[in-house]
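Below: one structure, written as C-alpha cells.
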Amino acid sequence: QVEHVRSTKDVGLMRPGMTFTIEPVLIEQKNADWEMLGDDPWIVRARSAAWSAQFEHTILITDTGHQVLTGPSVDYKALAKESLQAVANSGDEG
C-alpha cells in the first residue's frame, strides 16, 4: 500500500495499473499558513482567511510510464489573466 500523505518514508514502488493523485492547493497572497478545522483532517483553511482553491489530477502508472487521467480541461492561465483584467477594468469605471 502506498500512503496518500506527505512522507519521507519509503513505502514501495508504484506499478502499472496503480493510480495516485496530485492535489495542489492555491492560496492567495502566497500565504501558505493553514490550519485544520475540527476533527476532520480534510477540512483546512488559510489562517489569514485568504481565498484558496484545491484541485486534483489522477495519474495512472502504465507499462511505459504514466497517463494523466484528469484535466487540465480549463486554461488556468487564461482564466487568471481574464480575472486580473476584469479587476483592473473595474477600477476604471469609478
Side-chain angles (χ1 to χ4, degrees):
Q1 177 178 350
V2 177
E3 296 177 19
H4 194 138
V5 295
R6 181 179 175 178
S7 175
T8 58
K9 181 177 140 186
D10 182 1
V11 293
L13 181 65
M14 296 292 294
R15 302 203 182 280
M18 298 175 93
T19 59
F20 67 98
T21 59
I22 298 173
E23 303 181 27
V25 175
L26 306 175
I27 302 175
E28 75 174 338
Q29 303 168 353
K30 299 181 181 179
N31 182 345
D33 189 24
W34 55 274
E35 63 186 346
M36 289 185 204
L37 297 178
D39 295 330
D40 185 343
W42 296 105
I43 300 175
V44 297
R45 71 172 177 189
R47 290 186 195 274
S48 68
W51 285 96
S52 62
Q54 182 271 338
F55 56 96
E56 82 179 43
H57 291 290
T58 302
I59 314 299
L60 169 67
I61 303 300
T62 67
D63 289 325
T64 59
H66 69 278
Q67 179 182 355
V68 179
L69 301 177
T70 53
S73 58
V74 175
D75 184 346
Y76 296 105
K77 287 183 180 179
L79 184 60
K81 185 177 180 180
E82 288 174 20
S83 295
L84 289 173
Q85 188 63 46
V87 169
N89 290 341
S90 68
D92 295 339
E93 295 173 8

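Treat the numbers as computed from the prediction; the structure is a model and nothing was measured. The chain is numbered in sequence order, starting from 1.
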Spell out, yes or no, whether M18 and V68 are grouped together once hydrophobic residues are joined by side-chain heavy atoms under 4.5 Å, including indirect joins. yes
Residue list, side-chain hydrogen bond (donor to acceptor under 3.5 Å, both in side chains) with E82, at least two apart or on another chain: none
Among T58, T70, I59, the one residue meeting side-chain contact (heavy atoms from CB on, under 4.5 Å) with T21: T58
Tested for side-chain contact (heavy atoms from CB on, under 4.5 Å) against F20, the lone hit among M14, H57, H66 is M14
If you link ILVMFWY side chains whenever their heavy atoms are less than 4.5 Å apart, which other residues fall into the same cluster as L69? By chain and number, please. L60
For Q54, what residues pass the side-chain contact (heavy atoms from CB on, under 4.5 Å) criterion, not counting sequence neighbours? E23, V25, E56
